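Accompanying notes for the structure given below.
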Amino acid sequence: MSFTVYNLILVAVCLILMTAVVALLLYVRRRYRQLLNREKEIRSEYAEKMSELHSRLAELSETVIQYQQMLGASQEQTMLEARQKDLFLEISHSLTQTLDLPTILDKIISKIRVVVPFYCAGIYLYSKEKSELYEAAFQEITEEDMKLQLRRDFGIPDIVVDTNRPVWIADVEKDPRFKHFLETVHIGSAIYVPISTENEVYGILFLGSLQKNSYGQKQMNILSPIVNQAFQAIRNARLFQEVDSKLSFMSTLWDISRSLNVTLDVDFSQTNVLTDVVEILRRFFKTDKAVFFRYDEESYVAVPFAFSGFKYNEGFHSLELPKEIIENPQKVERFMQVGEFVNKYNVSAALTEFFGNEGIKSFLRAPLIGRRKTMGSIVLFSMEHRAWTQEEIRWLDIFAGVISSALENSILFSDLFIEKNRLQVLVQNIPDGVFTIDTSKRILSWNTAAEKITGWQSREVIGKACRDLFFHSLDGERLCDESCLIEKAIREKRRVDSGGQPVYAVKKEGQKFPVFIGCAPIINEEGEAVGAVQVFRDRSAEMEIERMKEDFFDAVTHDLKSPLSSVMGYIELVMNPKIGELTSTQREYIESSLRSARSLLLLINNLLEGARIDAGKMVYNFAIFAPELVVSEVIEMFMPAVHQKGIKVNLNISKELTVYGDRDMIKQVFMNLFSNAMKFTSSKGIVTISAEPHEDKVKFSVADTGKGIPPENREGLFQKFYQVGSGHV
C-alpha cells in the first residue's frame with residue numbers, strides 16, 4: 001500500500017517536470033523565431049545603409065578629384081595672393097612708422113606700384129574746411145596736370161567724392177572729360193578709388209596706365225585693403241597734425257601773452273614788446289613779413305610801429321589806406337591777393353609802390369579793435385600767391401584779440417594811473433578828513449586833513465579799527481553795532497551821515513571833540529560793497545556858533561520880546577474907550593503902531609521857531625481841524641491886496657475834509673505860500689489853493705499864473721534865505 005502511494009507521487013512529479021520542460025521548449029522556440037525575424041530586418045537595414053554609403057563615397061571621390069584639379073589650377077594664384085598679403089603687411093608696417101603726411105602719401109604710391117602697375121599716380125585729399133579737393137602727392141605727373149583733373153569739365157574726382165564709389169575708365173580716349181588732360185598726359189585707362197569709410201571721404205587715389213582696359217574689379221579687389229590701410233594712416237597723420245597745430249598755437253599764444261604781460265606799459269611809444277610779438281606771429285604762420293600798424297582815423301594813415309622780415313625798417317614810412325579799412329575794418333576782406341586788392345579799392349600810389357618794392361603778392365590782416373575804437377591791425381605779408389585757410393584767419397583773430405586786450409588794458413592802466421594821482425591830490429588837499437575802510441572796518445587810508453584834525457599820522461592809524469577813533473559820547477561809547485554808519489551805508493548801498501547824532505573823535509593826545517561824519521559805500525563791478533569812504537570834519541567851531549546862536553535867541557526872547565509885549569499891551573490899553581476917546585488921526589497912528597509891533601513880534605517868533613526847528617526843540621500842538629477854515633482865514637487876511645491887484649482866488653478844498661496836525665503851523669505855511677503867490681502874480685492873474693486825499697494823507701497845492709521858477713534854481717528852494725534872481729519867482 002505504501003509502495004503504491006509512493007509510486008503515484010513519483011509519477012505525479014515526473015508529469016509535472018515533463019510539463020515544465022515542454023512549456024520551456026515552446027517558449028524557447030517562440031523566442032528563437034522572433035530573433036530570426038529581427039536578424040532579417042537588421043540585415044535588410046544594413047544592406048540599405050551600405051548601399052547609401054557606397055553612393056556617398058562615390059560622390060566624395062568625385063569631389064576630391066575636383067578639388068585636386070582646382071588646387072592644381074590655382075596654385076599660381078595662391079602664391080600671388082601670398083605675395084600680396086606680405087606686401088599688405090609691409091605697407092601696414094611702413095605706414096605706422098611715421099606720422100608725417102607727405103611721407104605717408106609717397107609710401108602709399110610707391111607700394112601700390114608693386115601690386116598694381118601704373119604709368120602715373122596721384123593722391124587728392126579732401127578739405128572739409130573748404131569743401132574741395134586739393135593735390136597732395138603725385139608720381140610721373142606734374143602738379144599742374146593734377147590740378148587740371150580738378151577742373152569742372154573733368155569732374156571725375158568730384159563724382160567719386162559725392163558717391164563714395166570707385167570709378168574706372170577702360171578707354172579714356174572715348175571719354176570726353178579727358179580731352180584737355182590727354183593734351184599733356186597720354187594714358188589709355190584710369191581708376192579713381194575713394195580713400196574713405198562708409199560715411200566720410202578723406203581723399204582719392206588716382207592711377208593711370210598707358211594700356212587700355214588695365215583696371216577693373218580685379219585691380220579694385222587688390223587695391224581695397226591698401227586703400228583701407230591708407231585711410232587709417234592718413235586719418236592718424238591728420239589727427240597728429242591737428243594736435244601738433246593746436247599745441248603750436250597754444251604755445252604761440254602763451255609766448256604772446258607772456259611778452260605782453262611783462263609790463264602794463266605797452267603803448268604806441270614802446271615798440272620793443274610789439275616787435276617781439278610780430279616776430280612770434282611771423283614765425284608761427286611761416287610768412288615772409290609781418291607789421292603792426294596804428295591807424296590814424298582822421299588822415300586815414302597807417303603808421304607802422306613794429307616790423308619783422310623787413311631789411312630796412314627805418315625806410316618804412318606811413319601809408320595812406322583806403323578809408324573803408326579805417327571806417328569799417330570788419331567789413332573789408334581779411335585776406336586778399338595784392339593785385340585783387342589794388343584793383344578793388346582806391347589804393348594810393350605809395351601803397352602800390354610799397355607792394356611792388358617789397359615783392360608782396362598776398363596778405364592776411366586782423367584789426368586790433370578796442371572797446372572805444374579801432375587801434376590798428378596786424379598784417380602778414382607773403383611773397384607768394386598764398387591761399388590763407390580759415391583756420392589761419394581764426395588763429396590770427398585770436399592773437400589780435402589778445403593783443404587788443406593788452407593794448408586796451410595798457411591804455412586803461414595809464415588812464416587809471418593818471419586818475420588815481422588826480423584823485424589822490426584832490427583827497428590829500430581837501431579841508432575835511434577822509435579815510436577808507438574795508439568790510440572789516442579796518443582803516444586803509446588816512447588823508448593829510450585827517451592828520452591835521454586828529455594829530456594821528458597815517459602810519460599810526462592804518463590797520464586800526466575805526467571804532468578806536470570815533471565814539472557816540474564823551475564817556476567813550478563806541479560808534480558801532482546797530483548805529484554804525486558804515487553798516488548802514490553798506491547794507492543800503494547809499495550815502496549816509498551822522499546828521500544830528502552826536503559823534504566824537506579822539507585826538508592823539510586823548511581829547512575828544514565833536515565831528516560830523518558822512519559815509520558812502522565802495523561798490524565793485526558785481527554790485528557788492530567792498531568797503532566804504534568816510535568824510536569827517538571838526539564841529540567844535542560849529543557847536544560854539546550854535547551855542548552863541550542859542551544865547552542870541554535867548555537874548556531876543558528876553559530883551560526884545562518882553563519889552564515889545566509890554567509896548568503892545570500899553571498901546572491896546574490906550575485904544576480902550578474907557579481910558580478916553582481918541583481922534584481919528586490918533587487912532588490911525590496908534591493902530592499903525594500896533595500893526596508894526598505885531599509884525600515885529602511875528603518876525604521875532606519866526607526867528608525863534610526857525611532856531612527851535614534847527615535845534616530840534618520845536619513843540620507842536622496836534623489836533624484835528626478843517627483845513628478849509630484855515631485857508632479861508634489866510635485869504636481873508638490878504639483880501640485888501642487881492643482886490644487891489646485884481647487877482648482871482650480859487651479855493652478847491654472840501655468843507656468836510658479834516659486833517660491831523662498843528663493848526664498854527666499849517667496856517668503859517670499857507671500864509672507864506674499865499675503871500676509869495678500874491679507877490680509874483682501879475683494883475684488879473686489867478687491863484688488856486690486845492691487839496692486832495694492821497695492814500696492816508698492829504699496833498700495841498702498852491703498854484704499861480706506867475707512866471708515860475710527856472711529848473712536850474714529849483715534845487716535851492718529849501719535853503720535858508722534863498723532868493724531867485726530878479727524877474728523869477
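All residue numbers refer to positions in the sequence shown, counting from 1. As the structure is a computational prediction, the values presented were derived from the model and not from experiment.
Here the closest heavy-atom approach between residue A529 and residue T439 is recorded as O-CG2, 3.8 Å. Closest of all the heavy-atom pairs between G661 and F625 is O-CE2, 3.6 Å. For the residue pair T454 and A450, the shortest heavy atom distance occurs at OG1-O, 2.7 Å. Taking each heavy atom of P367 and A400 in turn, the nearest pair found is O-CB, 3.9 Å. Closest heavy-atom contact between D432 and A449: O-CB, 3.2 Å. For the pair G433 and I453, the tightest heavy-atom approach, listed with the atom from each and the gap, is N-CD1, 3.7 Å.
Side-chain atoms of I647 and I686, non-hydrogen and from C-beta on, never get closer than 4.5 Å to each other. Taking the side chain as every heavy atom from C-beta outward, M639 and I635 approach each other to under 4.5 Å. Counting heavy atoms from C-beta outward, T436 and I443 have side chains that stay 4.5 Å or more apart. Counting heavy atoms from C-beta on, the side chains of C466 and F435 come closer than 4.5 Å. Proximity of E692 to V698: side-chain heavy atoms (C-beta onward) are nowhere separated by under 4.5 Å. Annotation: side chain of P627 is in contact with side chain of F700 (closest heavy-atom distance under 4.5 Å). Taking 4.5 Å as the limit, every side-chain heavy atom of V530 sits out of range of all side-chain heavy atoms of D438. Looking at heavy atoms from C-beta onward, R494 lies out of side-chain contact with P521 at the 4.5 angstrom threshold.
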Apply side-chain contact (heavy atoms from CB on, under 4.5 Å) to V702 and T688, showing your working. CA-CA 6 Å; V702 178; T688 303; over 6 Å; no
Could you walk me through whether V278 and I378 pass the side-chain contact (heavy atoms from CB on, under 4.5 Å) check? CA-CA 8 Å; V278 172; I378 292 288; 4.3 Å; yes
Test log, rule side-chain contact (heavy atoms from CB on, under 4.5 Å), inputs F292 and V379: CA-CA 6 Å; F292 164 64; V379 185; over 6 Å; no
Run the side-chain contact (heavy atoms from CB on, under 4.5 Å) test on I437 and L444 for me, step by step, so that the C-alpha distance in whole Å, both residues' side-chain angles and the decisive distance to 0.1 Å come before the verdict. CA-CA 5 Å; I437 57 174; L444 302 176; 5.5 Å; no
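In summary, of the residues considered (I653, I689, T658, N652), a side chain to side chain contact (heavy atoms under 4.5 Å, CB included) with E628 occurs for I653 alone.
Distance CZ/R394 to CG/L396: 12.0 Å, rounded to 0.5 Å. Atom CE of M678 sits about 13.5 Å away from atom CG of L673, to the nearest 0.5 Å. Atom NZ in K679 sits 13.0 Å away from atom CG in D704 (nearest 0.5 Å).
A salt bridge links E633 to R663: one of the charged nitrogens lies within less than 4.0 Å of a carboxylate oxygen.
Relative to the ring axis of F516, R539 does not place its NZ or CZ within 45° and under 6.0 Å from the centre. Cation-pi check for K507 over F513 is met; the charged atom lies under 6.0 angstrom from the ring centroid and within 45 degrees of its normal.
Under a 3.5 Å cut-off, the side chain of N447 and the backbone N or O of V434 do form a donor-acceptor pair. No donor-acceptor distance shorter than 3.5 angstrom exists from the side chain of Q534 to the backbone of I517, with no hydrogens or angles considered.
For E460, the salt bridge (charged side-chain N to carboxylate O under 4.0 Å, His left out) test picks out K508, with sequence neighbours left out. The salt bridge (charged side-chain N to carboxylate O under 4.0 Å, His left out) test applied to R442 returns no partner, not counting sequence neighbours.
Under the 3.5 Å distance criterion, with hydrogens and angles disregarded, no donor-acceptor pair is assigned to the side chains of S632 and E636. Between the side chains of T705 and T681, no donor-acceptor pair is found at a separation under 3.5 Å.
Residues F622 and Y660 bring their aromatic ring centres within 6.0 Å.
Under the 30°/60° scheme for interplanar angles, the aromatic rings of F536 and W446 are found to be tilted.
Heavy atoms of other residues, nucleotides or ligands lying less than 6.0 angstrom from NZ of K452 number 12 at most.
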